[in-house]
Structure formats: structure tokens, C-alpha cells
Amino acid sequence: MNVYFYKNFKKRTNSTKQPAVNSQDRIIDCQLKENCSIENPILRITTGNATSGWQDTLNYAYVPSFNRYYFITKITAERQRVIIESHCDVLMSFQSEILAMSGYIARSVNLRNLYMNDKMFRVQNNRLVDIA
């Protein structure tokens, strides 16, 4: 399966920033390592370029087969193989579904937000008190 890799893509974990169209640094045919998940896939690349250092600054990927974006968490280079561990970027992968949702916040544990009244907790002297 083809994977689109990006070098030095500056994206915060909680942002919906998307790579520009055709801005990928490499499109590489990869295989999945056995017993891995779609949320945290481990990609295996067998290539003669594995030792040339091209993979050192990769930090983001898109897998069209899964239609998901991934943060690259670890890269291990072996002889003629590169192992890339990644973690799903949920906000980017499901951006259209998340933006189409409507909902409300039912609970708040953030004591600094005085506008959200959470009936499950009571605050006394700036501390949470059990209502039991």
C-alpha cells in the first residue's frame, strides 16, 4: 500500500492543520507489520534507500488505504529495512465527521470555568467535595 510521508510538518497534537495538496516528501510502498492496529500501525519499508538517512526528519504520514493521518512516533532503520511506528491523528482523520456533529458538554472538571455548572461536584474552599 502507498503511504504519503511528510518531513518536518509542523502540527500541534490538538490542531486540525492539514498538509497542502501534493506537498508530501515521499510516496512509498509499505507493508504492515503483522499484528498491528489501524490506530497505531507499524509500517515496514524494504528498500535500498533505507540507510541513506531520508527517514530521519519524517514526522507525519497519510495512508490512503485507511483514509487516516498519522503522527510518526518512532523510526528504526535496519540493514535494508525501515520500521516506522505511528499513532493516528484522530482530529485530522475524522475532521469532517467531528465538525458535522452537534452536542453539548455534560460534565466539567475544570474548576476555572465558572460558567459550567456541574451538579455532580460541589466546590468548597477551591476544592472538590463529594456530594455523598
Notebook entry, point to check: Under a single-linkage definition using a 4.5 Å side-chain heavy-atom cutoff for Ile, Leu, Val, Met, Phe, Trp and Tyr, are Ile72 and Ile45 assigned to the same hydrophobic cluster?
Noted result: yes
Notebook entry, point to check: Ile42, Leu58: one ILVMFWY side-chain cluster at the under-4.5 Å cut-off?
Noted result: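 Each belongs to a different hydrophobic cluster.
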Margin query: For a 4.5 angstrom cut-off between non-hydrogen side-chain atoms, does Leu32 reach Leu43?
Written below: yes
How long is the gap from [atom1] on [X] to [atom2] on [Y], to the nearest 0.5 Å?
X: Asn59; Y: Thr73; atom1: CG; atom2: OG1; result: 11.5 Å
X: Gln31; Y: Arg44; atom1: CD; atom2: CZ; result: 6.0 Å
X: Asn40; Y: Ser86; atom1: CG; atom2: OG; result: 7.0 Å
X: Ile98; Y: Met92; atom1: CD1; atom2: CE; result: 9.5 Å

Do any side-chain atoms of residues 64-71 form donor-acceptor pairs under 3.5 angstrom with protein atoms, and if so which ones, sequence neighbours left out?
{"from": "Asn67", "atom 1": "OD1", "to": "Tyr62", "atom 2": "OH", "distance (Å)": "2.8"}
{"from": "Tyr69", "atom 1": "OH", "to": "Gln18", "atom 2": "NE2", "distance (Å)": "3.1"}
{"from": "Tyr70", "atom 1": "OH", "to": "Ile38", "atom 2": "O", "distance (Å)": "2.7"}

Next item on the list: Given side-chain contact (heavy atoms from CB on, under 4.5 Å), test Val63 with Val3 step by step and report yes or no.
Entry: CA-CA 5 Å; Val63 181; Val3 178; 4.1 Å; yes
Margin query: Holding to salt bridge (Lys or Arg N to Asp or Glu O under 4.0 Å), I want the full list of residues that pass it with Glu97, two or more places apart in sequence or in another chain.
Written below: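 Not a single residue meets the salt bridge (Lys or Arg N to Asp or Glu O under 4.0 Å) criterion with Glu97.
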Next item on the list: State which residues pass ring-ring contact (aromatic ring centres under 6.0 Å, His included) with Phe9; sequence neighbours excluded, sorted by chain then number.
Entry: Tyr60
